[in-house]
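Notes to accompany the following structure.
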Amino acid sequence: MSSSPAPAGRGRFAPSPSGPLHFGSLVAAVGSYLDARANGSAWLLRIDDLDRQRTVPGAADAILRALETLGMHWDEAVLYQSTRDGAYQAALDQLKKRSLVYPCACSRREIADSAVAGIDGPVYPGTCRKGLLPGRSTRAERLLTGSDPVGFEDAVQGRIVHNIERQIGDFVLRRADGQYAYQLAVVVDDAEQGITDVVRGADLLDSTPRQIYLQRLLDYPEPRYAHLPVAVNVVGEKLSKQTLARAIDPAAPVPLLNSVLEFLGQSAIADCAPEDTAAFWPQAIAGWRIARVPRRRMLPAPENPGAGAAG
Ligand code: GLU
């Protein structure tokens with residue numbers, strides 16, 4: 001008796017439930033799905049509902065239903081970040097035990113006033129590194145960073161190297177409102193889910209060296225990364241979620257999926273009825289070539305995402 005072989009790897013799609021699936025998040029969904037399926041990998045789903053203030057009730061279910069309508073089926077149970085505080089705290093404790101985490105009393109305003117601009121906002125100037133000044137109380141908890149370069153080879157964007165201490169500074173692992181930071185949660189969850197391939201939007205490219213830095217400290221394996229182009233207008237501004245939102249027509253999902261394929265530099269599937277996702281996916285999977293994904297993409301006509309030209 002033969003059993004099916006174990007999947008080669010594990011990919012994932014991790015939407016934040018701050019609204020319905022829009023063109024930008026659909027690009028990440030389709031890219032990660034095609035890459036996983038083309039490689040014989042599992043494709044997992046995680047709902048990034050870590051940030052309680054940004055979570056819109058009903059949005060997670062709407063995203064799951066939209067994926068089903070599009071014929072995108074995931075493996076295993078969906079992981080919800082809102083259930084994972086214990087795991088994030090355990091990782092934080094592990095870093096604390098090694099004296100890699102320190103309390104910080106600085107407000108956003110104080111940091112903005114005293115910091116130089118970095119690649120992701122002001123570089124934290126290290127004010128609280130040597131302890132809190134008398135009379136100050138803890139707001140956030142920060143990771144002590146180092147000056148060794150942290151780099152990786154992105155399958156779409158090429159080599160990326162950051163000096164985290166100089167370009168970002170000691171970054172927050174637990175926020176002033178008590179919530180665990182995205183950077184910590186994503187690393188803990190990718191390790192928990194055994195993710196080998198992270199395929200997501202290039203708006204997260206600048207987060208990746210921080211995540212790799214955390215993976216090394218926590219002794220987690222390092223996934224491969226591919227950052228897909230994000231939709232920008234002709235002057236390079238990221239398009240808003242409102243501009244990109246396009247209701248998914250359950251009667252005709254294929255034209256929308258084809259516009260995502262074209263955005264990702266892949267050939268559209270021509271011989272496929274507008275409603276026939278069952279015929280669409282095997283052809284799209286067979287045709288997937290990550291080497292054809294452009295690094296950047298422009299959408300000259302925001303209302304028509306399929307008409308974008310490579311930027
Ligand atoms: N939840 C994040 C977002 O929707 C993506 C996280 C990730 O892919 O690492 O922007």
Side-chain angles (χ1 to χ4, degrees), residues 3-15 17 20-47 60-79 155-156 193-202 223-231 244-294 297 304-308:
S3 59
S4 48
R10 291 163 75 80
R12 47 71 154 186
F13 173 49
L21 208 58
H22 55 84
F23 191 76
S25 49
L26 190 55
V27 165
V30 169
S32 62
Y33 182 75
L34 287 174
D35 196 64
R37 295 304 187 221
N39 292 320
S41 295
W43 187 63
L44 309 190
L45 209 55
R46 186 175 78 226
I47 297 293
D61 285 345
I63 291 171
L64 301 189
R65 275 198 310 276
L67 294 174
E68 276 164 352
T69 302
L70 295 169
M72 302 172 74
H73 304 293
W74 56 92
D75 300 302
E76 304 180 16
V78 178
L79 188 68
V156 175
Q193 293 191 293
I195 301 302
T196 57
D197 293 84
V198 173
V199 179
R200 61 185 176 189
R224 289 179 286 265
Y225 287 95
H227 286 84
L228 306 172
V230 286
L244 291 171
R246 183 164 143 191
I248 294 167
D249 178 0
V254 169
L256 176 62
L257 291 170
N258 267 331
S259 70
V260 177
L261 283 190
E262 284 172 358
F263 182 84
L264 289 172
Q266 315 292 306
S267 310
I269 308 303
D271 304 326
C272 189
E275 74 290 352
D276 196 355
T277 55
F280 172 87
W281 285 112
Q283 296 182 70
I285 291 163
W288 173 251
R289 301 285 180 274
I290 202 158
R292 289 199 198 139
V293 176
R297 227 38 185 119
N304 185 13

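What you see is a predicted model; the values in this text were computed from it and never measured.
Pro20 is not listed as a side-chain neighbour of Ile63, based on a closest heavy-atom distance of 4.5 Å or more. Using a 4.5 Å cut-off on side-chain heavy atoms (C-beta onward), Pro229 and Leu264 make contact. Counting heavy atoms from C-beta on, the side chains of Val199 and Val156 never come closer than 4.5 Å.
For the pair Pro253 and Glu275, the tightest heavy-atom approach, listed with the atom from each and the gap, is CD-CA, 3.8 Å. In terms of heavy-atom proximity, Arg289 sits nearest to Ala286 at NH1-O, 3.1 Å. Closest approach of Arg297 and Phe263 over heavy atoms only: NE-O, 2.6 Å. Smallest separation of non-hydrogen atoms from Pro223 and Asp197: CB-N, 4.3 Å. In terms of heavy-atom proximity, Tyr33 sits nearest to His73 at CE1-O, 3.6 Å. Considering all non-hydrogen atoms of both residues, Ala42 and Asp75 come closest at CA-OD2, 3.3 Å.
We find the CG-OG1 distance between Leu256 and Thr277 to be 12.0 Å, quoted to the nearest 0.5 Å. From Glu76, atom CD reaches atom CZ of Arg12 across 14.5 Å, with rounding to the nearest 0.5 Å. Atoms CG and CE, on Leu26 and Met72 in that order, are 6.5 Å from each other to the nearest 0.5 Å. To the nearest 0.5 Å, the span separating CG on Leu67 from CG on Leu21 amounts to 5.5 Å.
Within the 3.5 Å criterion, the main-chain N or O of Ala28 finds a donor-acceptor partner in the side chain of Ser32. Under a 3.5 Å cut-off, the side chain of Asp35 and the backbone N or O of Gly31 do not form any donor-acceptor pair. Listed for the Arg10 side chain is a donor-acceptor partner under 3.5 Å among the backbone atoms of Gln193. Listed for the Trp281 side chain is a donor-acceptor partner under 3.5 Å among the backbone atoms of Leu70.
Test Asn258, Leu257, Val254, Asp276 against Ile269 for side chain to side chain contact (heavy atoms under 4.5 Å, CB included) and you get one pass: Asn258.
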**Request:** Start with the C-alpha distance between Val293 and Gln266, add both sets of side-chain angles, then the distance that settles side-chain contact (heavy atoms from CB on, under 4.5 Å), and finish with yes or no.
**Result:** CA-CA 7 Å; Val293 176; Gln266 315 292 306; 3.7 Å; yes
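The aromatic ring centres of Trp74 and Phe13 sit 6.0 Å or more apart.
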